[in-house]
Amino acid sequence: MLKTDISRSIDNVEGKEKISGSAKYISDYAIEGMYHAKTVRATIAHGNIKEIKLPHFPEGYDSVDYSDIPADNVVGMINDDWPVFAEQEVNHIGEPILLIVGPDKTKVAKLAQAVEIVYEEKTPVFDFKNSVKQLAFKKGNVKKAFQEAKQIIKHTYETGYQEQAYIEPQGFIGYPEDAGITLIGSIQCPYYVKNAVMRTMGLDEDNVRVKQAFVGGAFGGKEEFPSLMACQLAVAIQKIQKPIKFIYEREEDMEVTTKRHPSRTVMEAAIDASGRISAIRSHLSLDAGAYLGLSEVVLSRGMLAVTNAYTVNNLDVRGDVYRTHTVPNGAFRGFGAPQMIYAIEMFMHHVAKTLNQDPFAFRMAHLVKQGDLTATGGIFRDPIILRDMITHAVEASDYHAKVKKYNDPNIFKGIGMSWFLHGCGFTGSGEKDKIKAKVTLEKTKDDQVHILVAAVDMGQGAKTTLRKIVAGILELPIDVIVFDNPDTRFVPDSGPTVASRTAMIVGGLLARAAKTLKEDWITGESQTVSKRYEQPEYVAWDQEKMQGDAYPAYSWGVNIVEVEVDKTTYEVDIKDIWSVYDLGKALDENVVLGQADGGQAQGIGYGYLEVMRHDGGRIRQKNMTDYIIPTAADMAPSHNHIMDNPYPLGPYGAKGVGELTLVGGAPAVSLAIEQAISRPLRKIPATPELLMEAIEHD
Amino acid sequence: MVNTHRVTTLQDALRYLDENDCYIVNGGTDAMVQHRSWAETPVAFPKDTLFIHDIKELNYIEAMPETFKIGGTCTYESLLFHPGCPKVLKACLELFASPGIRNTATLAGNIANASPAADGLLVLYALNAQIVLQSRNNKRILPVMDMITGLKKTARNKDELITEIVIPTTSFTHSYFKKIGGRKSDAISKVSFTGLARVESGIIKDIRLALGAVNITVVRRPEIEQDLIGKKVTDVISMISDIKARYEPHIKPIDDQRSTSRYRKTVAMNLIETFMKQLAQ
């Protein structure tokens, strides 16, 4: 029985299966008589297909393309611009044109290689030229603030690609079942996949079934991209009527799947007579790649983070999503926020430097507090303990003394601090209007309680934390709470496993369901309780004007990173990391610390290590040898501290945690490097090559 | 389809090599990656393939007063933990790849692969290592510099096997190894450097500089080293820019997905300077 503090860790419920090797990942699946599919892809960045020359297919082998699609050649997402298979036009290198399917992999590979495609090439666009989505919002009177400004300071910040580098590449296995199709995949969002397949195939909901295999990491990369693969596979299964396995190779995965959007952010501040920021004009540009996918929502989350954990009364915030002839970009832990939080944290520091003010004091002077208006005119209603968190981090790291010491340009050491917030759950009224999450608890006659949700444990510990919530409220041992991998035949749509919403929103609904079940509990009877999301009444959001409460709640964090830069090689050595987090209440301390260590490594890696670029639309770093992510040796011991600040509507007070731990890493490490080399940086990743240019080009 | 053949004795290996034109897999950490194919399909070896890593008689390390000998199937991991391993080689191996790779990769295989970014090769250049090549009817010994003939090219005839690497035992007063990879472990070098020297009574008696990943093969210039021997270390400081200028034409790195030519060149020059300054200290 869980009568102790919920935060106290239990063994991760998936740990045993994963460590022993008994957990079944998608490539472990095999079905008697299954076929294999391989994608034939565009080799040019932009042009028209003039002719496709197919090889002769032996018995049992075939190709599948757009002409085989029963309904819409669209991957159903927010925008309808992403085709399942290219028809005439190709818009990026690696764009899928057709599948080769057959029983023997070697033969399938040979046939795929033998396909010849003749193109009529067109000039590709790689710059921020072709804006396809624009968003904007305002706060206060920006014009007046700029007119009255004592000084105006403007800088531009750039960020590069980031690859999710999940442990296991994308993949599905599928088969015909009754009149429909069943797909098993490495996915974050079973219902996204199901809905997309229904649309492409013109099938109703009873005829598309989606099951989740064990997921070897996702980080957002398995949010929308799997829908594309699933639609293609469904078309193939329908045509060929065999079980088919469809797994990407690592290099294929890195070359063609969605990545974090490269960005450029222009920040312009009006400084008033007291030396404080009176207004900010900001413009965020995102490179969507060839198709929009979720880019508009990524842009929105990025823009909403414009003032991060500061209060600025006058704002003019604009953003554009640009289409380029490159691989489509998409969801990645943080979802637009890492780009903007990098820009604002660097900018605050740079503005203070320009004004000859102490950056720490300058930033503190703008710190948000409870009751302040958010960037979009919503209200920070809940208690904010960021000031205490900063104090803790500053003391633990001896920040002030080190800042002073490392100002000596000859010692090449630096310490950098970021603080940040992350909105929990879907942006705006997404939870209420789009997701409408539903969860079910099903009690069997033997008094076992099944959690029926579409949330996926992709390593983040959802199975552990959600079971703890239900067990805790029902006052039952954890092992009578059953949480199997979601299968859309049995689980309701509790929404996608994204947006730091699983613990807070899905967990919150499960807590409500568990309370009801506890009240109505009849031993030895089967009982079912369902709950649907209800938005707190005070949360109001106008999507058109981007005004109001963008999120029901916020999690908060502080990162401090200490570095040393090698004068001979310009390499960065991470010496130490301190972090403080307010995620309401930890549902399991080890789960949170795991998120903290991983999120920091991914966020700091984004800031100084992870390089991905394209050359004429072709990704250059397309394997784990060339795309450098940090190893344990690259990270310093991290000192993580969790401060409780329970959120009344979260289960046990919990808010989101998954993305929060990533978003502050890049500015913290960049500011540390900037101090070490005594030169400003406005671009990430801050690689040794970039530092060399900065140092040599004085 | 290609044929694969596994041998457990040197004699069988040499006979097979004499009778067949084949590709050799030792540890496989280069070979398996270079000829990777779609998962669950056979590795795409270019021709019939001989697996030699089970030849136990070549899996040895022999530390003698005059020489340190490494057998052809000896892995990096056993080298790393051998008490007689030369200091600079140990420094290199501590940063070499990952434990998984070190447990199967071999020094001989690394030589045969002849990559300009191979860290092990760099150290062998600096240590004046000799490579023993054996065929069914012959045995010859080549200095490592003559063994490597170009980018991924060696002097090995197709019936020969690298059976041993011989490192002459030499004592140095200065030993410096620096690998610049994309990260601290499990990375391929952007630039690597080895500097060895023996300084007695302030006079340079022996000096060797080797640079990796800055040309099609490891760069070592005996003629520049020769001119430094006999010089006073206190005079070296004033010579640094001259020394760098002499190395400069041989440092011709490329731009690729791992780094830039400019960075590699700048760092290579910085490392030469750093090492020369260490001598003067």
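The shown structure was predicted, so the numbers you read here are calculated from the model rather than taken from an experiment. Residue numbers begin at 1 in each chain, while the letters A, B, ... track the order of the sequences.
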Ionic contact status for Glu273(B) with Lys277(B), cut-off 4.0 Å: yes

For the pair Glu255(A) and Arg618(A), find out whether any cationic side-chain nitrogen is under 4.0 Å from an anionic carboxylate oxygen. yes

Between Thr631(A) and Asp186(B), a side-chain donor and acceptor under 3.5 Å: no

Chain B shares the most heavy-atom pairs under 4.5 Å, among Glu249(A), Met624(A), His36(A), Arg250(A), with Glu249(A)

Between Ala187(B), Ala39(B), Ser185(B), the one whose heavy-atom pairs under 4.5 Å with chain A are most numerous: Ala39(B)

Ignoring hydrogens and geometry beyond distance, is a side-chain donor-acceptor pair present between Asn113(B) and Asp30(B) at under 3.5 Å? yes

Specify which of Glu251(A), Met612(A), Arg613(A), Lys567(A) makes the most heavy-atom pairs with chain B at under 4.5 Å. Glu251(A)

Tell me, side chain or backbone of Ile188(B) under 4.5 Å from chain A's heavy atoms, or both, or neither? side chain

Is Arg264(B) close to chain A through its backbone or its side chain, or both, or neither, when contacts mean heavy atoms under 4.5 Å? neither

Contact part of Lys107(A) toward chain B, heavy-atom cut-off under 4.5 Å: side chain, backbone, both or neither? neither

Leading residue by heavy atom contact count with chain B [cutoff under 4.5 Å; candidates Met692(A), Lys38(A), Arg620(A), Glu689(A)]: Glu689(A)

Looking at Thr687(A), Asp573(A), Asp615(A), Val611(A), which has the largest count of heavy-atom pairs under 4.5 Å with chain B? Asp573(A)

Between Ile629(A) and chain B, which part of the residue has a heavy atom less than 4.5 Å away: side chain, backbone, both or neither? both

Taking the inter-plane angle between the rings of Phe275(B) and Tyr176(B) on a 0 to 90° scale, is it parallel (under 30°), tilted (30 to 60°) or perpendicular (over 60°)? parallel

Please flag which part of Ser98(B) lies under 4.5 Å from any non-hydrogen atom of chain A: side chain, backbone, both or neither. neither

May I ask you to decide whether Lys184(B) forms a salt bridge with Glu571(A), counting only side-chain N to carboxylate O separations under 4.0 Å? no

Most chain A-contacting option - heavy-atom pairs closer than 4.5 Å, from Val33(B), Thr260(B), Asp256(B): Asp256(B)

For residues Gln170(A) and Asp253(A), is any side-chain donor paired with an opposing acceptor at under 3.5 Å? no

Answer yes or no: is there an ion pair linking Glu248(B) with Lys265(B), defined by an N-O contact shorter than 4.0 Å? yes

